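Whatever order the structure lists them in is the order used to number ligands and atoms, beginning at 1. From a predicted model like this one, the values you see are computed outputs, not experimental measurements.
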Amino acid sequence: MSRTERTQVGIVGAGPAGLVLAHLLHLQGIDSVVLEARGREYVEGRIRAGVLEHGTVELLDEMGVAGRLREQGLPHHGFELQFGGARHRIDLSGLTGRHITVYGQQEVVRDLIAARLATGRPLVFEAEDVSLHELESESPRVRYRHRGAEVELVCDVVAGCDGHHGTCRDSIPDGVLSVFARDYPFGWLGILAEVAPSSEELIYCWSERGFALHSMRTPRLTRLYLQCAHDEEIEAWPDDRIWEELHARLDLDGWTLGEGPIVEKGVTGMRSFVVEPMQHGRLFLAGDAAHIVPPTGAKGLNLAVADVRVLAAALGAWYREGDTAPLAAYSETALRRVWRAEHFSWWMTTMLHRPPGGDVFDAKLQLSQLAYVASSRAAATSLAENYVGFEPDPA
Ligand code: FAD
Ligand code: DHB
């Protein structure tokens, strides 16, 4: 069985980028089809990022999808930098007038899926063998298989929102994209534990044993991360070892980390990666499909949302007024924010992680930088304005 369908914008991937784009287009009366390789349960259960920038929350609010986020999201007006046996607060609100909100990525995705389904517009889960064709023509096509049927989706444009390991970026002919990448010789071991957070604020901790991060999801769920080897085997980390290491890095005189049952654990490698341009013919890449950052700056999800905000506005101008200029400038516009976030994420990562084989010289530089950020209003403001996110766009 095979059939041909038509839409204005074919969106590959139902992560934050694809789902936000679909809803922003819907609000402008633009038709789209979202194709997702995985099932709904899998996508809604995938635990990833947790920090939403001020601008991300405002956008979700303007889109009418922030009801639960406003109720359950945890506004944070600062965070702690820990090093040398002490904590130093970075006063995000005092320094920038803006704050961040802790709300799990999978909750954002759940809210967006509910909003998409409520519009009655198509969201296809378990779309198999998605492939892109005729990207340089005015009618690019997306082929896929669904429930045994071969479908050809004829589009005006295709949005590649299928993450770092998706198919869209690889559909661009060799030689078109420039790739800029850096791999880090460490990763993060992340856990979710059923215990009240031990601190009201996030703690980014430098320790001689390596980086640790105390975060949270709800008043009863703590999210914790440990620097580990980039190819660490999770089997090497029974729960006792994880707690022991977290205590060794995070505990201070008079303060100890609370423990609870670990309900999820996993290892993530760390990489910086950007392709330029974020467009080829009628294919526009957004989010992790075009770039990734190491998670230390909490930027990945926020960047994905920022990309599609630019893309949705450009597509709106094109459909409404026939104005091609914003769409032609999409890549250049999005890349300004991408590179700012790439630098910030690299900077936070190199300041806070112990490089394997690193010597005392490395440690002294890191500690000097941390002391500077903790004591200088200028340095703290620079960190804070990058962390809460630039509005509207970095120069
Ligand atoms: P994704 O969320 O990856 O969504 C892409 C979607 O496309 C997925 O649903 C995928 O199933 C689908 N897809 C893939 N291939 C195909 C295909 N061929 N056809 C159809 N659909 C396809 N960021 C932070 O800021 N902090 C963190 O702590 C953090 N932790 C992370 C942990 C992990 C394990 C990972 C992988 C990422 C983490 N990130 C973190 C990054 C952040 O989650 C991403 O930047 C964010 O998910 C990007 O959104 P996206 O929509 O671009 O891509
Ligand atoms: C979380 C993740 C991050 O990458 C970060 O920098 C802060 C918090 C989190 O998952 O809560």
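Heavy atoms of Met348 come nearer than 4.0 angstrom to ligand 2 in no pair at all.
Close contacts of ligand 2 with Thr296, meaning ligand atoms under 4.0 Å from a residue heavy atom, involve 6 (O). Taking a cut-off of under 4.0 Å to the non-hydrogen atoms of Leu213, the atoms of ligand 2 that pass are 5 (C), 7 (C), 8 (C). In summary, the atoms of ligand 2 found under 4.0 Å from a heavy atom of Leu202, numbered by their order in the structure, are 7 (C), 8 (C). Heavy-atom proximity to Arg48, at under 4.0 Å, picks out these atoms of ligand 2: 10 (O).
Ion pairing of Lys265 with Asp239 is present here, as a side-chain N (NZ or NE/NH1/NH2) and a carboxylate O approach within less than 4.0 Å. The pair Arg110-Glu107 counts as a salt bridge, with a side-chain nitrogen and a carboxylate oxygen less than 4.0 angstrom apart. Using a 4.0 Å cut-off between charged side-chain N and carboxylate O, Glu245 and Arg241 make no salt bridge. Under 4.0 Å is where a charged nitrogen must lie from a carboxylate oxygen, and between Lys364 and Asp359 no such pair does. Salt-bridge formation is not detected for the pair Glu342/Lys299: no Lys NZ or Arg NE/NH1/NH2 atom is positioned less than 4.0 Å from an Asp or Glu carboxylate oxygen. A salt bridge between Glu264 and Arg223 is present, with a side-chain N of the basic residue lying under 4.0 Å from a carboxylate O of the acidic one. Between Asp31 and Arg121 a salt bridge is recorded (basic side-chain N to carboxylate O distance below 4.0 Å).
Ligand 2 has an N or O atom lying under 3.5 Å from an N or O atom of Arg217, backbone or side chain. At a 3.5 angstrom cut-off on N or O pairs, Ser215 counts as close to ligand 2.
Protein residues having a heavy atom under 4.0 Å from any atom of ligand 1 are Val12, Gly13, Ala14, Gly15, Pro16, Ala17, Leu35, Glu36, Ala37, Arg38, Arg46, Arg48, Ala49, Gln105, Val130, Cys161, Asp162, Gly163, Gly166, Thr167, Tyr225, Thr268, Gly287, Asp288, Pro295, Ala298, Lys299, Gly300, Leu301, Ala304, listed by chain and number.
For the side chain to side chain contact (heavy atoms under 4.5 Å, CB included) test with Arg98, the passing option among His77, Glu58, His54 is His54; the others fail.
A donor-acceptor pair shorter than 3.5 Å cannot be found between the side chains of Glu201 and His214.
Remark: His23 engages His26 in a ring-ring contact (aromatic ring centres under 6.0 Å, His included) (not counting sequence neighbours). The side-chain contact (heavy atoms from CB on, under 4.5 Å) check on Ala298 picks up Val51, Tyr204, Tyr387, with sequence neighbours excluded.
With hydrogens left out, the protein atom closest to atom 4 (O) of ligand 2 is Pro295 O, 2.6 Å, a heavy atom. Scanning the protein heavy atoms around atom 8 (C) of ligand 2, the nearest turns out to be Val51 CG2, 3.5 Å. Closest protein heavy atom to atom 5 (C) of ligand 2: Tyr204 OH, 3.4 Å. Counting only heavy atoms of the protein, atom 1 (C) of ligand 2 lies nearest to Tyr225 CE1, 3.8 Å.
Using a 4.0 Å cut-off between heavy atoms, Phe79 makes no contact with ligand 2 at all.
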Sequence neighbours excluded and cut-off under 3.5 Å, please list the side-chain donor-acceptor pairs for residues 187-196, or say none.
residue : atom : partner : partner atom : Å
Trp188  : NE1  : His353  : NE2          : 2.9

